[in-house]
Amino acid sequence: MSENALEVFEVSNGSVRVFGGVYAANDGFFAEIHEQRDGSIRRVDKSDMLPSHEIAVAWMQSRPWFKHSAA
């Protein structure tokens with residue numbers, strides 16, 4: 001499994017930064033979304049294992065944090 005994201009998306013509205021990455025794994029791909037607020041970072045969502053990179057990107061872009069942004 002790769003520790004580095006293949007693709008990264010970020011959205012910021014000033015006080016809150018949301019970012020996510022698509023990662024490769026042995027069984028496919030997965031995506032994680034994190035939120036940074038007041039200096040602390042927490043994971044807010046993670047996909048199941050997905051069959052392709054394109055599906056992982058689509059999953060991330062469909063999440064509420066990225067849906068109405070330019071991510």
Side-chain angles (χ1 to χ4, degrees):
M1 180 169 99
S2 171
E3 293 183 19
N4 298 316
L6 300 173
E7 194 149 1
V8 176
F9 297 88
E10 181 177 344
V11 177
S12 180
N13 72 359
S15 63
V16 178
R17 177 178 167 238
V18 176
F19 58 96
V22 173
Y23 300 86
N26 292 337
D27 322 21
F29 298 84
F30 68 95
E32 290 186 350
I33 299 173
H34 296 82
E35 175 185 81
Q36 181 176 8
R37 183 187 305 254
D38 299 327
S40 63
I41 297 173
R42 70 181 181 101
R43 185 173 70 195
V44 293
D45 208 351
K46 181 179 179 182
S47 72
D48 293 329
M49 199 56 60
L50 300 166
S52 73
H53 174 262
E54 292 79 14
I55 292 174
V57 169
W59 177 89
M60 183 171 303
Q61 291 176 333
S62 74
R63 305 285 65 163
W65 298 277
F66 293 98
K67 200 169 198 162
H68 301 292
S69 73

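Please read these numbers as outputs of a predicted model, since none were measured by experiment.
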Do Val11 and Val16 belong together in a cluster built from hydrophobic side chains that touch within less than 4.5 Å?
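Yes, one cluster joins them.
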
Hey, quick one: are Val44 and Val22 part of the same hydrophobic cluster, counting side-chain heavy atoms closer than 4.5 Å, chains of contacts allowed?
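Yes; Val22 is reachable from Val44 via cluster members.
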
Please enumerate all residues that pass side chain to side chain donor-acceptor pair (under 3.5 Å) together with Glu54, with sequence neighbours excluded.
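Glu54 satisfies side chain to side chain donor-acceptor pair (under 3.5 Å) with no other residue.
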
Using every non-hydrogen atom in the two residues, find where Ala31 and Met60 come nearest and quote the distance to one decimal.
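Nearest heavy atoms, Ala31 then Met60: CB-CE, 3.6 Å.
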
Please report the closest heavy-atom contact between Ala56 and Leu50, naming both atoms and the distance.
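Distance-wise, the nearest heavy atoms are CA-CD1, 3.5 Å.
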
Keeping to residues at least two apart or across chains, list the salt bridge (charged side-chain N to carboxylate O under 4.0 Å, His left out) pairs with something in residues 12-22.
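Listed once each, the pairs are Glu10-Arg17.
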
What side-chain hydrogen bond (donor to acceptor under 3.5 Å, both in side chains) pairs are there with at least one residue in residues 40-49, not counting sequence neighbours?
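Residue pairs passing side-chain hydrogen bond (donor to acceptor under 3.5 Å, both in side chains), neighbours aside: Glu32-Arg43, Glu35-Arg42.
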
Ring-plane angle category for Phe30 and Tyr23, please: parallel below 30°, perpendicular beyond 60°, tilted otherwise.
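Taking Tyr23 first and then Phe30, their aromatic rings lie parallel (interplane angle under 30°).
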
Other members of the hydrophobic cluster containing Phe19, with the 4.5 Å side-chain heavy-atom rule, please.
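Joined to Phe19, directly or through intermediates: Ile41.
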
Side-chain contact, heavy-atom cut-off 4.5 Å: Phe9 with Val18?
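Result no, sub-4.5 Å side-chain heavy-atom pair not found.
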
